[in-house]
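Following: one structure in structure tokens, then a few remarks.
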There are 2 protein chains.
Amino acid sequence: MGRWEPDARGRLAAAALALYAERGYEQTTVAEIARSAGLTERTFFRHYADKREVLFAGAGELEDLFVRAVAGAPAPAAPLAALTVGLDAVAEMFADRREFARRRHAVITANAELQERELIKLASLAAALAGALRGRGVAEPAASLAAEAAVAVFKIAFERWIAPAEEASMQQLIRESLTELKAVASGA
Amino acid sequence: MGRWEPDARGRLAAAALALYAERGYEQTTVAEIARSAGLTERTFFRHYADKREVLFAGAGELEDLFVRAVAGAPAPAAPLAALTVGLDAVAEMFADRREFARRRHAVITANAELQERELIKLASLAAALAGALRGRGVAEPAASLAAEAAVAVFKIAFERWIAPAEEASMQQLIRESLTELKAVASGA
DNA sequence: CACCTGATGTCAGTGTCTGTCATCACGTAA
DNA sequence: TTACGTGATGACAGACACTGACATCAGGTG
């Protein structure tokens with residue numbers, strides 16, 4: 001065996017989620033997370049920029065997947081059609097992580113600081129999507145507006161998907177939200 | 001004259017904006033802001049919950065104005081039409097604060113923590129607007145989607161409004177963004 | 001065997017934010 | 001006038017997030 005236990009990053013993330021869920025984000029110190037993972041506080045900050053970031057390690061992958069799918073959508077597709085290709089790819093990625101998503105989201109919605117971090121990740125996603133659309137020849141401000149709308153669709157579908165009683169697939173919920181958006185935007 | 005200089009809150013906000021603009025948000029300590037306003041660090045935290053909030057005192061008023069305008073829109077109006085009434089009210093409120101908005105926005109865009117706070121204020125605004133729409137009989141998820149779309153329109157119009165060369169009125173830019181949104185949403 | 005590398009530990013320090021108590025001008029009532 | 005309450009502030013101690021600097025040590029490499 002190696003000099004250290006493997007996957008320090010993953011152990012820190014798991015310990016953090018467990019402690020945040022058990023006693024709340026504010027009531028958990030970084031030293032406790034590190035100790036729970038068999039490491040020191042200083043090592044925590046070598047793996048994650050701050051106490052919140054430990055919950056958002058997957059945000060980069062989500063953004064990459066979404067952006068690549070949009071960039072690779074069939075050429076003649078309109079902005080919202082290209083974004084729909086990305087939304088479908090994202091839905092597939094989430095499919096088998098519903099319980100994890102529920103636990104993580106419960107922790108985030110219980111704390112304002114964590115919500116702030118989630119929002120800036122979504123804003124980063126929207127900016128990246130707008131960039132992908134511009135790469136497809138979409139002009140501003142249409143690119144940014146379409147990207148913001150797509151993120152809103154994702155956010156609302158996601159919240160429905162993790163609702164306690166919900167059983168519909170994320171892809172189904174995304175399609176429904178998209179339909180609603182089109183109806184709302186054309187209805188005034 | 002009173003025992004203390006008047007308007008401690010306002011003096012703190014002015015000192016903070018000036019210092020954040022001059023040397024950057026992270027390079028400014030709360031103790032410096034307080035001293036610049038003739039107060040102590042402890043008093044700063046009695047007026048503002050944290051170092052960021054001092055830049056967002058007006059967010060509550062913006063939300064109140066926006067929500068009241070939407071709630072008071074003519075009864076038969078569709079969701080996006082009611083939101084447009086609110087957007088017009090907001091545009092009027094901003095009209096004579098363009099330079100202040102530019103300075104404040106420059107500080108915020110220069111720092112990720114401040115952007116996070118701005119995003120959660122916009123999310124709070126979107127939630128309040130969705131509530132106002134539900135109060136008008138709009139069902140979910142249409143209410144939330146329409147509210148998110150309206151906030152996106154506001155955000156994009158605002159950014160154009162404070163762009164260096166821009167001279168168009170905020171109302172004009174909001175109308176243009178709304179038109180773009182409708183075109184994008186119906187174009188796929 | 002000597003050396004380098006990379007992940008970790010240790011320690012000291014800064015800054016944000018909170019709890020607690022003291023201070024003191026002002027208003028009010030006896 | 002005097003005693004008392006009130007509210008904004010100051011003073012102080014402390015918890016905790018986060019950073020910089022240096023030490024440690026197993027494993028790979030020459």
Side-chain angles (χ1 to χ4, degrees), chain A residues 1-57 107-108 110-118 120-121, chain B residues 1-57 107-108 110-118 120-121:
Chain A
M1 70 178 216
R3 178 176 180 188
W4 302 285
E5 295 301 311
D7 194 22
R9 237 182 116 77
R11 275 153 49 213
L12 286 168
L17 179 58
L19 287 170
Y20 291 170
E22 179 189 330
R23 70 178 75 166
Y25 170 81
E26 289 182 1
Q27 286 65 46
T28 304
T29 69
V30 173
E32 288 168 344
I33 298 168
R35 180 152 30 86
S36 167
L39 295 164
T40 64
E41 185 180 346
R42 190 66 183 86
T43 297
F44 176 96
F45 287 109
R46 288 198 176 96
H47 286 281
Y48 296 102
D50 58 49
K51 191 184 168 186
R52 300 173 226 175
E53 196 65 18
V54 66
L55 288 182
F56 296 88
V107 168
I108 291 172
N111 181 269
E113 289 181 48
L114 293 172
Q115 289 170 50
E116 287 185 339
R117 183 56 51 86
E118 173 133 293
I120 206 169
K121 297 293 184 186
Chain B
M1 69 179 219
R3 178 176 178 187
W4 303 284
E5 295 301 311
D7 193 21
R9 237 182 117 76
R11 274 152 49 213
L12 285 167
L17 179 58
L19 287 170
Y20 292 170
E22 178 189 330
R23 70 178 75 166
Y25 170 80
E26 289 182 1
Q27 285 65 46
T28 304
T29 70
V30 173
E32 288 169 343
I33 297 168
R35 180 153 30 87
S36 168
L39 296 164
T40 64
E41 183 180 345
R42 190 66 185 86
T43 297
F44 176 96
F45 287 110
R46 287 198 177 95
H47 286 280
Y48 296 102
D50 58 48
K51 190 183 169 187
R52 300 173 227 175
E53 197 65 18
V54 67
L55 287 184
F56 296 89
V107 168
I108 291 172
N111 180 269
E113 289 181 47
L114 293 173
Q115 288 170 50
E116 287 185 338
R117 182 57 50 87
E118 173 135 291
I120 205 168
K121 297 293 184 186

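Note on naming: letters A, B, ... go to the chains in the order of the sequence lines (proteins, then strands), and numbering restarts at 1 for each one. FYI, side chains are in, hydrogens and waters are out, and symmetry mates aren't considered; it's all heavy atoms of this structure.
The pair B/E118-B/R52 fails the salt-bridge criterion, with no side-chain N (NZ, NE, NH1 or NH2) lying under 4.0 Å from an Asp/Glu carboxylate O.
When the C1' atom of D/dC16 is taken as reference, atom CD of A/E113 falls 12 Å away, rounded to whole Å. Nucleotide D/dA26 holds its C1' atom 14 Å from the CD atom of A/E5, rounded to whole Å.
Listed by chain and residue number, B/R117 satisfy the side-chain hydrogen bond (donor to acceptor under 3.5 Å, both in side chains) test with B/D50 (two or more places apart in sequence, or in another chain). For B/T40, the side-chain hydrogen bond (donor to acceptor under 3.5 Å, both in side chains) partners at least two apart in sequence or on another chain are B/T43. Remark: A/Q115 pairs with A/I108, B/I120 by the side chain to side chain contact (heavy atoms under 4.5 Å, CB included) rule, at least two apart or across chains. Evaluation of the side chain to side chain contact (heavy atoms under 4.5 Å, CB included) rule for B/F45 yields B/V30, B/E41, B/R42 as partners, not counting sequence neighbours. B/F56 pairs by the ring-ring contact (aromatic ring centres under 6.0 Å, His included) definition with nothing, not counting sequence neighbours.
Near DNA chain C, meaning a heavy atom under 4.0 Å from it, residues 29-52 of chain B has B/T29, B/V30, B/E41, B/R42, B/F45, B/R46, B/A49, B/D50, B/K51 in order of number. Listed in residue order, the members of residues 11-27 of chain B having a heavy atom less than 4.0 Å from DNA chain C come to none.
Within the structure, salt bridge (Lys or Arg N to Asp or Glu O under 4.0 Å) pairs that include any residue of residues 12-36 of chain A comprise A/R23-A/E32 (at least two apart or interchain).
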Taking only distance into account, with no hydrogens and no angle test, what donor-acceptor pairs under 3.5 Å do side-chain atoms of residues 6-20 of chain B form with protein atoms, sequence neighbours excluded?
residue, atom, partner, partner atom, Å
B/D7, OD1, B/G10, N, 3.0
B/R9, NH1, B/H47, O, 2.7
B/R11, NE, B/A37, O, 3.4
B/R11, NH1, B/E5, O, 3.1
B/R11, NH1, B/P6, O, 3.2
B/R11, NH2, B/A37, O, 2.7
B/Y20, OH, B/K51, O, 2.8

